[in-house]
2 protein chains.
Amino acid sequence: MYTRAEENYLKCIFHLEQEQKGAIATNAIAQMMNTKASSATDMIQRLADKELVAYRRYKGTSLTKEGVAVAVAVVRKHRLWEVFLVEKLNFQWDEVHEIAEQLEHIQSEELITRLDKFLDHPDYDPHGDPIPDKDGNIKKTEKKVLSDMSKNQQGILVGVRETSGEFLQYLDKRKIAIGSKIKVLGIEFFDGSMIIQVKEEQFFISKKIAENLYIQVLHKNQ
Amino acid sequence: MYTRAEENYLKCIFHLEQEQKGAIATNAIAQMMNTKASSATDMIQRLADKELVAYRRYKGTSLTKEGVAVAVAVVRKHRLWEVFLVEKLNFQWDEVHEIAEQLEHIQSEELITRLDKFLDHPDYDPHGDPIPDKDGNIKKTEKKVLSDMSKNQQGILVGVRETSGEFLQYLDKRKIAIGSKIKVLGIEFFDGSMIIQVKEEQFFISKKIAENLYIQVLHKNQ
DNA sequence: AACTTATTTTAGTTGAGACTAAAAATAGAA
DNA sequence: TTCTATTTTTAGTCTCAACTAAAATAAGTT
């Protein structure tokens, strides 16, 4: 098995690889891990010794097959626990991350198998992120930020970037929630603000808000 | 907050104090922790510095008020998680201990409050051990091993000492489970074997079996 | 009381995983 | 291309929690 720290680094590199192409810079890892570059180098070299990452001095790091597998397993656990916390224990979206950061390191295959079943095999976590299946397959969502959508496109709110209490309350007040169907009725070219339709209601949304909403794009007839 | 190792030592000392009176020997702690006496001494001294235990060289260790509070909180978490694993995820009694050993160290007051509620405020874990409440009060059960009971006494099966699969299956086969009402019909003086009544059925029970069943004694009219 | 045995503590190491400070490599600008 | 700024790595420390080996204390026996 791998240590907590190892798992956290692997998960971190995994997330960075999702966003950027190519090898990941040591600094980027250090920054995301809230640690110093020297500490990151240290750990990266240990991970390289264990063949969990491919690492070339000064050139950057990328996960090996094995490294990806470990990272995905951790992500799966993290997201399943988040579903548990929200669905079963009635936590709010924004309260669960920190706790799931701890729960994701519990070691037991069987536990996760049963938890997954107990939760009825969810596909997405409360933030709309896909939950990898047992074999590490991730349902790739075509996820865009709302502000990148064009007029008349529609989709489903699957996640939020910001998770501050104020922002979630802003959404709650408008009854905008994960799963809501959203249609872009119009975009103001000048400031990027939008008019959107949610159920029967229409809202004016600033660009800043739109940049913090992840939408799974729906195509014709969906 | 306290480290995993600190919490484990405190819990260990707590359990030893339940069984023996007086200060706990370093060796006893080391043995239960599967570690060497020198390592135990080391940790005990750290715990003493933090005033979680009272420690006198060569004389032994006992928990302070604060130490008890920490230990009880860990025990509470452990037992609540065991209930969760058995009741919600359908684990068997004997499969949950190891996982609960990990879960008991998750740090979040709120999580435990909500878990407790989700489980409907259970009083006992699947092994029949009492779950401390939020304030650390433990419902003291008058718990005896079956083999210490006398003729015509009756009680409720609240726990098992042995947790091997074979033993639990032995019980399952006879429909003897936590919560079963058991009455001692007779004791064979020679070998300590017993005849007991469970519901409508009577069983012959060897002394060895009787020594592994914890009974909460019922008094007249209960 | 003296001696033996068992228990406990001290002293010194080890490995993870963090740190700081300094050296080395790379990248960007003149 | 050369110099400077940035990034990355190395070297050396620190803390936690374990270890071994050796010293100190306590307990039991004659």
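The structure presented is a predicted model; accordingly, all values stated were derived computationally and were not measured. Below, chains carry the letters A, B, ... as their sequence lines are ordered, and counting in each starts from 1.
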| field | Any A:L119 side-chain heavy atom under 4.5 Å of A:K88 side chain | value | yes
| said: If I take atom CD in residue A:E6 and atom C1' in nucleotide C:dG17, what distance separates them, rounded to the nearest angstrom? | reply: 10 Å
| query | B:R4 CZ to C:dG17 P: how many Å, rounded? | reply | 13 Å
| query | B:V184 versus B:L146: any side-chain heavy-atom pair under 4.5 Å? | reply | yes
| field | Whole-Å gap separating P (D:dC16) and CG (B:N8) | value | 17 Å
| field | Side-chain N or O of A:R57 closer than 4.0 Å to phosphate OP1/OP2 of C:dT26 | value | no
| note | note: A:I44, atom CD1; C:dG17, atom P; distance rounded to Å ~ 14 Å
| message | OP1 or OP2 of D:dA17 versus the side-chain N and O atoms of B:Y9: is any pair under 4.0 Å? | response | no
| said: Using a strict threshold of under 4.0 Å (side-chain N to carboxylate O), is an ion pair present between A:K11 and A:E101? | reply: yes
| query | Whole-Å distance between D:dT9 P and A:R56 CZ? | reply | 12 Å
| query | Which one of B:V72, B:V68, B:L52, B:V75 satisfies the side chain to side chain contact (heavy atoms under 4.5 Å, CB included) criterion with B:L10? | reply | B:L52
| request: Check whether the side chains of B:H105 and B:N8 place a donor and an acceptor atom closer than 3.5 Å, and report yes or no. | output: yes
| For DNA chain C, the residues among residues 21-37 of chain B that have a non-hydrogen atom under 4.0 Å from it | B:A25, B:T26, B:N27, B:A37
| Can you tell which of D:dA17, C:dA18, D:dT9 lies closest to the side chain of A:Q45? | D:dT9
| request: Check whether any side-chain heavy atom of B:I24 lies under 4.5 Å from a side-chain heavy atom of B:E17, and answer yes or no. | output: yes
| Does a nitrogen or oxygen in the side chain of B:T41 sit under 4.0 Å from OP1 or OP2 of C:dT9? | yes
| request: Rounded to the nearest angstrom, tell me the gap between atom NZ in B:K50 and atom C1' in D:dT15. | output: 11 Å
| N or O in side chain of B:T3 less than 4.0 angstrom from D:dA17 OP1/OP2 | yes
| Nearest-neighbour nucleotide for the A:Y58 side chain, C:dC19, C:dG17, C:dA25 considered | C:dA25
| field | Nucleotide C:dG17, atom P - distance to OH of A:Y2 in whole Å | value | 13 Å
| field | B:D42 CG to C:dT14 C1', straight-line distance once rounded to whole Å | value | 13 Å
| field | Distance-minimising heavy-atom pair for B:E82 and B:A100 | value | CG-CB, 3.6 Å
| Phosphate contact (D:dA17 OP1 or OP2) by B:S39 side-chain N/O below 4.0 Å | no
| For the side chain of B:S38 and the base of C:dT8, is some donor closer than 3.5 Å to an acceptor across the two? | no
| task | For the residue pair B:F167 and B:I209, establish whether any side-chain heavy-atom pair is separated by less than 4.5 Å. | result | yes
| task | Just compare C:dT10, D:dA17, C:dA25 and give me whichever is closest to any side-chain atom of B:M43. | result | D:dA17
| message | Less than 4.0 angstrom between a side-chain N/O of A:R46 and OP1 or OP2 of C:dG17, yes or no? | response | yes
